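For reference, the structure is listed below as structure tokens.
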Amino acid sequence: MLNGKKIVLGITGSIAAYKAAFLCRLLIKKGAEVQVVITPAGKEFITPVTLSTLTNKPVVSAFFAANDGTWHSHVDMGLWADVMLIAPATAATIGKMANGIADNMLITTYLSMKAPVFVAPAMDLDMYAHPSTQANLEKLKSYGNHIIEPASGFLASSLEGKGRMEEPEAIVAYLETFFEKNQQLSKKKILITAGPTYEKLDPVRYISNYSSGKMGFALAEVCAERGAEVFLLSGPVQLQAKHQGIKRIDVESAVEMYQAATRLFPSMDAGILCAAVADYRPASFAEKKIKRNGEALHLELLPNPDIAASLGKMKTQAQVLVGFALETDNEMQNAKNKLQKKNLDFIVLNSLQDAGAGFKGDTNKISILTAQGEKVDFPLKSKKAVAEDIIDFILSHNE
Ligand code: CTP
């Protein structure tokens, strides 16, 4: 998995820097090409000579070579790498990365990096637990960086706790899993619907629901990270799709979403229908703002097309169709009925009775039901982690 992979290895000023030599050796043994970028503090813990000997490449530390003024281009490294790994990453480096403080070669390289970035923190347990470190790590995660959680154990401070950099073997295994997963969906085209729909009443009003689109966007991100070409059909949301593998198509109403979905689906390998599509739309659209006249107002609503059911009818043997069910009561039966009625292969159930599940938040708690009658429950997790579970589950049931 790592053979031929180009890895920028960032090393910072932590006692765990001595382990970077083992890390280099393991990566090189696996056939990777390693370019070390080390901070000035990192050099206090491990010498560039050790690292350049192991990697067979000069170690980069400063912006210029002192002897001849050669410019070390962080931009070129950002384009060259298949992955950047920062191990060990100190609290200071994590803070600089989170806040764009580009005062050394490693941070400028990080800011120029086009490839996925992995961070293996190494610090004392109290530094690691500090709210500022945790907030910075959360920020890095929100930028799409991967955090390789430190292990618990004996620390250089003689204390015991969480903060010890993960062992080189485990870091290498993490990267291998990443590259393996990265290819799982290559050459696959996946349609994902996300967010709410707006059903216009008049020029200033619409009917909608509380959907934020976060679950659908997380699924799009995970599918793209695993190599899929994603067509993200999104209702109006306040979100941005970050991955380059995502083609975003914005729509407003259920009818627009239906038209785009039915047009795209025949050329897709799978559809994941996460959108909270409004079931009804106003029978008529008032060209001018509806005025208040003190009387009761009766709205006539027409049923919207059911996108999931339509795609379920179009579905071929080779295609996979996944739906969602957000229920408030009689959850399991409702989800089963939807799975059958819409001819889905899987349905992801979330119940509003579970704290932390549903529309607005950053977490979700799901169960997945299959057309064959299997049911698996998952614990409360971040929407990104839930998206990983959903894709892992579908892949394990489609081999
Ligand atoms: N769905 C859809 N088009 C619709 C309504 C729903 O594609 N017009 C999809 C949703 O994206 C979801 C699944 O169908 O994947 C179930 O959505 P849900 O709103 O729970 O189901 P409904 O059929 O609308 O049932 P109800 O609102 O009565 O619970």
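In each ligand, atom 1 is the first atom listed, and ligand 1 is the first ligand listed. Numbers for residues simply follow the sequence, beginning at 1. Atoms considered below: every heavy atom in the structure, side chains included; atoms not considered: hydrogens, waters and symmetry mates. Remember, predicted model here, so these are calculated numbers, not experimental data.
Contacts between Pro305 and ligand 1 below 4.0 angstrom, taking non-hydrogen atoms only, involve the backbone exclusively. The proximity of Asn304 to ligand 1, defined as any non-hydrogen pair under 4.0 Å, does not occur for either the backbone or the side chain.
Asn350 and Asn364 form a side-chain donor-acceptor contact under 3.5 Å, judged by distance and modelled atom types alone. Defined by atom type and a distance below 3.5 Å, a donor-acceptor pair is present between the side-chain atoms of Asp377 and Ser367.
Shortest contact from atom 4 (C) of ligand 1 to any protein heavy atom: Val277 CB, 3.5 Å. Distance from atom 15 (O) of ligand 1 to its nearest protein heavy atom, with residue and atom name: Leu273 O, 2.6 Å. In this structure, atom 13 (C) of ligand 1 lies nearest to the protein heavy atom Phe324 O, 3.1 Å. With respect to atom 29 (O) of ligand 1, the closest heavy atom belonging to the protein is Lys338 NZ, 2.8 Å. Of the protein's heavy atoms, Lys342 NZ, 3.6 Å lies nearest to atom 6 (C) of ligand 1. Considering only non-hydrogen protein atoms, atom 24 (O) of ligand 1 sits nearest to Asp279 OD1, 2.9 Å.
A cation-pi arrangement is absent between Lys365 and Phe378 under the rule of less than 6.0 angstrom and at most 45 degrees off the ring axis. In this structure, Lys200 forms a cation-pi arrangement with Phe285, its terminal cationic atom sitting closer than 6.0 Å to the ring centre and no more than 45° off the ring axis.
Salt-bridge annotation for Arg226 and Asp392: present, with a side-chain N of the basic residue lying under 4.0 Å from a carboxylate O of the acidic one.
Among residues two or more places apart in sequence or in another chain, the side-chain hydrogen bond (donor to acceptor under 3.5 Å, both in side chains) test is passed with Lys242 by none.
Close approach of ligand 1 to Gly323 (heavy-atom distance below 4.0 Å) involves ligand atoms 15 (O).
Ligand 1 has no N or O atom lying under 3.5 Å from any N or O atom of Thr193, backbone or side chain. Among the atoms of Ile307, some N or O lies under 3.5 angstrom from an N or O of ligand 1. Looking at Val322 next to ligand 1, no N or O pair under 3.5 Å apart turns up. Any N or O atom pair closer than 3.5 Å counts here, and Ala308 shares at least one such pair with ligand 1. Ligand 1 has an N or O atom lying under 3.5 Å from an N or O atom of Ala275, backbone or side chain. Residue contacts with ligand 1: Ala276 is placed with no nitrogen or oxygen under 3.5 Å of a nitrogen or oxygen of the ligand (distance criterion only).
Classification of the Tyr198-Tyr206 ring pair by plane angle, with boundaries at 30° and 60°, yields parallel.
Note that atom 19 (O) of ligand 1 has no protein non-hydrogen atoms nearby, at separations under 4.0 angstrom.
For the side chain to side chain donor-acceptor pair (under 3.5 Å) test with Lys96, the passing option among Thr12, Thr39, Thr90, Asp103 is Asp103; the others fail.
Shown here for Asn145 and Tyr110, the closest heavy-atom pair between the two residues is OD1-OH, 2.6 Å.
Using a 4.5 Å heavy-atom threshold, the side chains of Gln184 and Leu395 count as touching.
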